[in-house]
Asks: 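This is the structure I want to talk about, given as structure tokens.
As the structure is a prediction and not an experimental result, all values here were calculated from the model.
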Amino acid sequence: MSMTDAPALAITGATGAVGRLTSEELARGGTPLRLLARAPERAPQLPDAVVMQSSYGDRDQAALEGVSTLLMVSAGEEEGWLQQQLDFVAAAAAAGVEHIVYTSFQTAATDAVFTYARDHYATEEAIRASGMAWTMLRDSFYLDFLALLPDADGLLRAPAGQGRVAAVAKLDVARSAAAVLRDPAAHAGRIYDMTGPEALSFAEIVETLSSATGRRIRYVDETVDEARSSRVHFDAPAWQIDGWITTYTAIAEGRFARVSDDVELLTGRRPISLRELLVH
């Protein structure tokens, strides 16, 4: 099969959670898909789906030839990820992609407290300047990640203060993305905030985690200096640690407390709560 004979709806990051869940949601409705994956052998095997090798850092993006609508799931925050994303946006435009749907981050702006949200905004700006039609899905913190935060001693350490976060389930992001991809023209030029149904404090988060897991989990409200010290053992570069920490300082400042109804607007379903995610 030539590139141009492959399905015209492409999904990046097909081996990651959001890309895979979106692909599965669309495949259940019989939508032919082009799945773009860094490691094609790990991509889901779905009916009417063609898997092609592609990663944002590739110079040759032949896998984009013949694509009309593209879901661009944001890359993992690794060295050079922003430049790779900008290069990929340029490659998509050059390949003739007509509409790009990008999973961005809530509060994306040049002066966002959360440093990675600034990079997401730079990607958004490149997409807007590209000439392609676009839709932005600005994700909140992932609910799925909250359960992974406590350490072996049951401590969830974060400089989040008493701030609240309207975290969203990855499945809700995927369902929302699938809804947009089924009828992209209806969502052109729109920005949607992907949040859960409630804004939780970290005290409430650990209470819910404790109840659902049977573990005694406690929240330790760190200072920024304590947060930096407690993460030194990860041996991560300073920019990455700053990203981790500013996730929480943005929460402390109330930047992720707003609850949006956009998930329900797009999917027709009330978004999943933390308790529901943990018990199912």
Asks: For A199 and V259, which heavy atoms make the closest approach, and how far apart are they?
Replies: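 Minimum heavy-atom separation between A199 and V259: N-CG2, 3.7 Å.
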
Asks: Using 30° and 60° as the class boundaries, would you call the ring planes of Y248 and F202 parallel, tilted or perpendicular?
Replies: perpendicular

Asks: Looking only at non-hydrogen atoms, find the nearest pair between T22 and A178 and report the distance.
Replies: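 Of all heavy-atom pairs spanning T22 and A178, the closest is CG2-N, 4.0 Å.
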
Asks: Closest heavy-atom contact between M52 and A6?
Replies: CE-CB, 3.4 Å

Asks: Suppose we call two aromatic rings close when their centres sit under 6.0 Å apart. Are Y116 and Y121 close by that rule?
Replies: no

Asks: Indicate if V173 and L265 have the same hydrophobic cluster label, given that clusters are the connected sets of ILVMFWY residues with side-chain heavy-atom separations under 4.5 angstrom.
Replies: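 Yes; tracing contacts between hydrophobic side chains, which count when under 4.5 Å, links both residues.
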
Asks: Using the six-membered ring of W134, assess whether NZ or CZ of R128 lies under 6.0 Å from its centre and within 45 degrees of the ring axis.
Replies: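 R128 over W134 ring: yes.
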
Asks: Is Y102 reachable from L33 through a run of I, L, V, M, F, W or Y residues, each pair having side-chain heavy atoms under 4.5 Å apart?
Replies: no

Asks: Is there a donor-acceptor pair under 3.5 Å between the side chain of S201 and the backbone N or O of E204?
Replies: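 Here the side-chain-to-backbone pair exists.
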
Asks: Is there a side-chain contact between F234 and I241, using heavy atoms and a 4.5 Å cut-off?
Replies: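 No - every pair of side-chain heavy atoms lies 4.5 Å or more apart.
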
Asks: Count the heavy atoms belonging to other residues, nucleotides or ligands that lie under 6.0 Å from CZ of R215, then report whether that count exceeds 12.
Replies: yes

Asks: Does a side-chain N-to-carboxylate-O contact under 4.0 Å join R182 and E25?
Replies: yes

Asks: Would the distance check show the side chain of D262 and the main-chain N or O of D193 forming a donor-acceptor pair, the cut-off being under 3.5 Å?
Replies: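 Between the backbone of D193 and the side chain of D262 there is a qualifying donor-acceptor contact (under 3.5 Å).
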
Asks: Distance from T123 atom OG1 to Q83 atom CD, nearest 0.5 Å?
Replies: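 So the OG1 of T123 and the CD of Q83 are separated by 9.5 Å.
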
Asks: Just by distance, do the side chain of Y192 and the backbone of A177 share a donor-acceptor pair under 3.5 Å?
Replies: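 Checking the backbone N and O of A177 against the side chain of Y192, no donor-acceptor pair under 3.5 Å is found.
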
Asks: Is there a donor-acceptor contact under 3.5 Å from the side chain of D151 to the main chain of G154?
Replies: yes

Asks: Does either side chain, that of Q61 or that of S54, offer a donor lying less than 3.5 Å from an acceptor on the other one?
Replies: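 Their side chains do contain a donor-acceptor pair, which is all the 3.5 Å distance test asks for.
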
Asks: Looking only at heavy atoms, which two atoms of P271 and G196 are closest? And how far apart?
Replies: CG-C, 3.8 Å

Asks: Has T31 got a side-chain atom pairing as donor or acceptor with A27's backbone, closer than 3.5 angstrom?
Replies: no

Asks: Considering residues, nucleotides and ligands other than R231, do more than 12 of their heavy atoms fall under 6.0 Å from its CZ?
Replies: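 Result for CZ/R231: enclosed.
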
Asks: Flag yes if V224 and L156 sit in one hydrophobic cluster, no otherwise; membership is Ile, Leu, Val, Met, Phe, Trp, Tyr, and two members link when side-chain heavy atoms are under 4.5 Å apart.
Replies: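 Yes; L156 is reachable from V224 via cluster members.
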
Asks: Less than 4.5 Å apart, side chain to side chain, heavy atoms only: is that true for M72 and V101?
Replies: no

Asks: Return yes if some donor-acceptor pair links the side-chain N/O of D153 with the main-chain N/O of L155 below 3.5 Å, else return no.
Replies: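 Between the backbone of L155 and the side chain of D153 there is no qualifying donor-acceptor contact (under 3.5 Å).
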
Asks: Does E41 have more than 12 heavy atoms from other residues, nucleotides or ligands lying within 6.0 Å of its CD?
Replies: yes

Asks: Any chance you could lay out the side-chain contact (heavy atoms from CB on, under 4.5 Å) test for W239 and E79, step after step, and finish with the verdict?
Replies: CA-CA 9 Å; W239 65 267; E79 194 72 46; 3.2 Å; yes

Asks: Tell me, do L46 and S23 make a side-chain contact under 4.5 Å, heavy atoms counted?
Replies: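 Sidechains of S23 and L46: in contact.
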
Asks: Aromatic ring centroids of F114 and H120 under 6.0 Å?
Replies: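 No, the ring of F114 stays outside the 6.0 Å limit from the ring of H120, centre to centre.
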
Asks: Are E124 and R138 ion-paired here, with the side-chain N under 4.0 Å from a carboxylate O?
Replies: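 Looking at R138 together with E124, the answer is yes, because their closest N to O distance falls below 4.0 Å.
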
Asks: Kindly work out whether a path of hydrophobic side-chain contacts (I/L/V/M/F/W/Y, heavy atoms less than 4.5 Å apart) joins L26 to V50.
Replies: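 No.
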
Asks: Look at the side chain of S229 and the backbone N and O of E226, then say whether any donor-acceptor pair between them is shorter than 3.5 Å.
Replies: no

Asks: Does E125 CD have over 12 foreign heavy atoms under 6.0 Å away?
Replies: yes

Asks: Would you find more than 12 non-hydrogen atoms of other residues, nucleotides or ligands less than 6.0 Å from R216 atom CZ?
Replies: no

Asks: Spell out, yes or no, whether L278 and L171 are grouped together once hydrophobic residues are joined by side-chain heavy atoms under 4.5 Å, including indirect joins.
Replies: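 In one cluster: yes.
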
Asks: Is any NZ, NE, NH1 or NH2 atom of the basic residue among R228 and E222 found under 4.0 Å from an Asp or Glu carboxylate oxygen of the other?
Replies: no

Asks: What closest approach, in Å, do M132 and V97 show between heavy atoms, and which atom pair accounts for it?
Replies: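 M132 and V97 have their closest heavy atoms at CG-O, 3.2 Å.
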
Asks: Would H99 and S68 count as having a side-chain donor-acceptor pair, cut-off 3.5 Å?
Replies: no

Asks: CD1 of I11 to CG of L70: how many Å apart, nearest 0.5 Å?
Replies: 9.0 Å

Asks: Are side-chain heavy atoms of I205 and L274 found at a separation under 4.5 Å?
Replies: yes

Asks: Return the OG to CZ distance between S74 and F88, rounded to the nearest 0.5 Å.
Replies: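 Interatomic distance, S74 OG to F88 CZ, rounded to 0.5 Å: 12.0 Å.
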
Asks: Stepwise, does the side-chain contact (heavy atoms from CB on, under 4.5 Å) test hold for D139 with L137?
Replies: CA-CA 6 Å; D139 302 347; L137 302 179; 4.2 Å; yes

Asks: CG/L35 to CD/Q53 distance, rounded to the nearest 0.5 angstrom?
Replies: 13.0 Å

Asks: Can you measure from CD1 (I272) to CG (L277) and round to the nearest 0.5 angstrom?
Replies: 6.5 Å

Asks: Between D111 and R118, is the closest basic N to carboxylate O distance under 4.0 Å?
Replies: no

Asks: Under 3.5 Å, side chain of D144 to main-chain N/O of K170, donor-acceptor pair present?
Replies: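 Flag set: sc D144 to bb K170 pair under 3.5 Å.
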
Asks: Has T195 got a side-chain atom pairing as donor or acceptor with V168's backbone, closer than 3.5 angstrom?
Replies: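 No; judged by distance alone, with no hydrogens or angles, the pair does not exist.
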
Asks: Taking the six-membered ring for Trp and the single ring otherwise, decide whether the centroids of Y56 and W81 are under 6.0 Å apart.
Replies: no

Asks: Where is the tightest heavy-atom contact between S211 and R275, given as atom of each residue plus distance?
Replies: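 Heavy atoms only, the tightest pair is OG-NH1, 3.5 Å.
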
Asks: With rounding to the nearest 0.5 angstrom, report the OG to CE distance, S176 to M194.
Replies: 4.0 Å

Asks: L71 pairs by side-chain contact (heavy atoms from CB on, under 4.5 Å) with which of T103, T12, L9, I100?
Replies: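 The passing option is T103.
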
Asks: Can you sort out the partners of R255 under side-chain hydrogen bond (donor to acceptor under 3.5 Å, both in side chains), two or more places apart, ordered by chain and number?
Replies: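 Applying side-chain hydrogen bond (donor to acceptor under 3.5 Å, both in side chains) to R255 gives E253.
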
Asks: Can you find a heavy atom in the side chain of V165 that is under 4.5 Å from one in the side chain of E198?
Replies: no

Asks: Could you tell me if the side chain of T107 sits less than 4.5 Å from the side chain of V113, heavy atoms only?
Replies: no

Asks: S140 side chain to A166 main-chain N or O, any donor-acceptor pair under 3.5 Å?
Replies: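 The answer is yes, because a donor-acceptor pair under 3.5 Å joins these two groups.
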
Asks: With a 4.5 Å cut-off on side-chain heavy atoms, are R157 and D221 touching?
Replies: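 A side-chain contact is absent here, since even the closest heavy-atom pair is not under 4.5 Å.
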
